[in-house]
Amino acid sequence: MKKRISSISALLVAVSISLCGCSLPEESVKEATEFLNDNGDVTEESDAASSLSSEIIVINDLFEPLLEEKAAQEASTEATTEEEQAPAEDDGRDHEVNIVFFGDSQLANGRDDGTSIANFMQSRIPYSRIYNMAIGGTSASLEQTTSSASAENMTSTCFLGMAYCFAGKSDRNATLSEKHPDILETMNSIDPADVDYYFISYGTNDFLNQAPLDVSVYSSENEKAHALYNSMATAIETLKAISPDAHFIIMTPFYGLYVSPDGTYIGDSYIVSNGVGTLSQYADKVKNVAEDVGEILFDGMYGSKFDLYLDTANEYLMDNLHLSLKGRQIVARLLAHEVNFREDNEPYAYCETDFVKIAEFDPDEYYRYDEGQMKSYFPESWEKYIKGTFPLAQPSQEALDAYKAEQENGG
């Protein structure tokens, strides 16, 4: 048995295991039939669900595929059906909705050609103005190679560093002018006090960098800056201080797969560990941050918003890690609800009930919730809905006629 374990370990080390840099046809993704259990023994897979939740494969040399070029190629060859829309005619609102994005490549991809999550969201949110400051390859935590965590000396583009720059605690020119002048220009174009919403997406690169999940409250500020939970919480509190009226939507990493160079399935975000934890555990830590700072969580790991998993990964991911064009469109639709119901553009029922089945997704479709169910299960939404309050959710003529009849009959 020990010899067999050694052989499998050697194989895992010998191949350059990573999140594969290209999409694979579904039939070429092979499920693992053996797993290393907590005792180091190899066991045959008898129950896929229990195996995924309890067995861990440790790989120490994970890295992020560099796919900016692939993302651009995909966007140019695959038709984009959603186009940016001009704001609707003035309805008496006194301000635009200012939305700031901080994150890694999941938010940065597609920015240059207008196919980013932020771009698609703008087309779905009236009066919205986006400020996309996401940078590919960045983490929430300070890089392990950076020894000092003092804000005044920090020039890192990690989330903590970007928050310090936006708050004026770090020198944004020194941090961004050389490599990211476009981001600097974006940052300079908005006053933090005017931000209405922050969308934040980090965790995958923290996982790939083997950043600590968290550290003790008694740890030094330097140690806290290098840990996912502590750095993210500090960054959000920094932004909350300068944008006291803003809402925060904090996104977890997205579920993904790990394959060998020959396309053999090794494991997924639940079972492949970097030696510190699995990507799902990093997602759990992001969830802890959202809970502890009292802000909104968007789940990209456990399929609560769309059916992301092993059998749909090739549809919403381009390389088993990064969201494809379709994936970005799906996420944008779901995230837009978070703003639209708070801005009274659509009822809360839309945000609460929209669940996307990836195989059936139509980027041109605008989600509508069943009127009968809204009336029964979301009475407050229904009262505003039937009176035409929501510009993006108008009642059907049938519902209007029924409502009129009820009112005439004293209903």
Side-chain angles (χ1 to χ4, degrees), residues 18-19 56 58-64 102-108 133-172 174-176 179-180 183 198 200-242 248 250-254 269 272-293 295 297 301 321:
S18 69
L19 290 159
I56 301 298
V58 178
I59 302 174
N60 293 317
D61 58 349
L62 295 162
F63 61 91
E64 179 185 12
F102 283 117
D104 53 26
S105 55
Q106 300 291 27
L107 291 180
M133 291 185 270
I135 298 175
T138 55
S139 57
S141 57
L142 186 63
E143 297 83 0
Q144 301 295 314
T145 54
T146 303
S147 58
S148 174
S150 63
E152 59 271 19
N153 296 323
M154 191 177 296
T155 58
S156 169
T157 55
C158 69
F159 180 36
L160 183 60
M162 293 293 284
Y164 283 159
C165 283
F166 201 35
K169 294 185 175 184
S170 293
D171 186 340
R172 64 177 66 173
T175 301
L176 297 168
K179 294 184 178 180
H180 304 286
I183 303 297
Y198 285 99
I200 297 164
S201 175
Y202 291 98
T204 300
N205 289 304
D206 298 87
F207 167 73
L208 296 172
N209 295 340
Q210 296 180 296
L213 287 164
D214 58 19
V215 293
S216 140
V217 294
Y218 304 106
S219 301
S220 67
E221 291 306 308
N222 187 59
E223 290 173 314
K224 291 178 181 178
H226 288 92
L228 172 61
Y229 173 92
N230 308 81
S231 60
M232 181 171 275
T234 300
I236 292 171
E237 293 298 344
T238 299
L239 295 176
K240 291 178 78 169
I242 59 175
F248 289 74
I250 302 166
M251 304 163 61
T252 71
F254 290 92
S269 297
V272 174
S273 170
N274 62 1
V276 177
T278 63
L279 186 59
S280 64
Q281 290 175 306
Y282 279 74
D284 292 341
K285 196 57 62 175
V286 171
K287 178 182 178 182
N288 292 156
V289 173
E291 293 171 343
D292 291 346
V293 300
E295 297 297 342
L297 179 76
M301 180 59 62
L321 172 66

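Hydrogens, waters and symmetry mates are skipped; everything else that's a heavy atom, side chains included, is used. The shown structure was predicted, so the numbers you read here are calculated from the model rather than taken from an experiment.
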Practice problem: Begin with the C-alpha distance, continue with both residues' side-chain angles, and end with the deciding distance and a verdict on side chain to side chain contact (heavy atoms under 4.5 Å, CB included) for E295 and K240. | Solution: CA-CA 10 Å; E295 297 297 342; K240 291 178 78 169; 3.3 Å; yes

Practice problem: Test side chain to side chain contact (heavy atoms under 4.5 Å, CB included) on T157 and K179 and set out the steps. | Solution: CA-CA 10 Å; T157 55; K179 294 184 178 180; over 6 Å; no

Practice problem: Check the pair I135, L176 against side chain to side chain contact (heavy atoms under 4.5 Å, CB included), reporting the backbone distance first and the verdict last. | Solution: CA-CA 11 Å; I135 298 175; L176 297 168; 4.2 Å; yes

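Between F254 and T204 the shortest side-chain heavy-atom distance does not fall below 4.5 Å. Side-chain atoms of F248 and V293, non-hydrogen and from C-beta on, never get closer than 4.5 Å to each other. Y229 has its side chain within reach of D292: a pair of non-hydrogen atoms, C-beta onward, lies under 4.5 Å apart.
Taking both residues in full, the closest heavy atoms of Y282 and Q210 are given as OH-C, 4.0 Å, listed atom of the first, atom of the second, then distance. The two residues V276 and P212 come nearest to each other via the heavy atoms CG1-CA, 4.4 Å. Closest approach of S269 to M301, counting heavy atoms only: CB-SD, 3.8 Å. Taking each heavy atom of P253 and V286 in turn, the nearest pair found is CD-CG2, 4.2 Å. The two residues F102 and Y198 have their closest heavy-atom pair at CE1-CE2, 3.9 Å. Heavy atoms only, all atoms of each residue included: A108 and G136 are closest at CB-N, 3.9 Å.
Interatomic distance, CG of D214 versus NZ of K285, reported as 3.5 Å (0.5 Å rounding). Considering CG of L279 and CG of L208, their distance stands at 7.5 Å, rounded to 0.5 Å. The CD1 atom of I250 lies 7.0 Å from the CE atom of M232; values are rounded to the nearest 0.5 Å. A distance of 10.5 Å separates CE of M154 from NZ of K169, quoted to the nearest 0.5 Å. The OH atom of Y202 sits 12.5 Å away from atom CD of Q106, with the distance rounded to the nearest 0.5 Å. A distance of 6.0 Å separates OG in S273 from CD1 in I56, rounded to the nearest 0.5 Å.
Between M162 and the choices L239, T238, I200, I183, the side-chain contact (heavy atoms from CB on, under 4.5 Å) rule is met once, by I183. Across N209, T138, L142, N205, a single residue satisfies side-chain contact (heavy atoms from CB on, under 4.5 Å) together with C158, and that is L142.
Side-chain atoms of D206 come within 3.5 Å of backbone atoms of A140 as a donor-acceptor pair (strictly under, hydrogens ignored). No side-chain donor-acceptor contact under 3.5 Å links K224 to the backbone of T234. With hydrogens and angles disregarded, a donor-acceptor distance shorter than 3.5 Å links the side chain of H226 to the backbone of T146.
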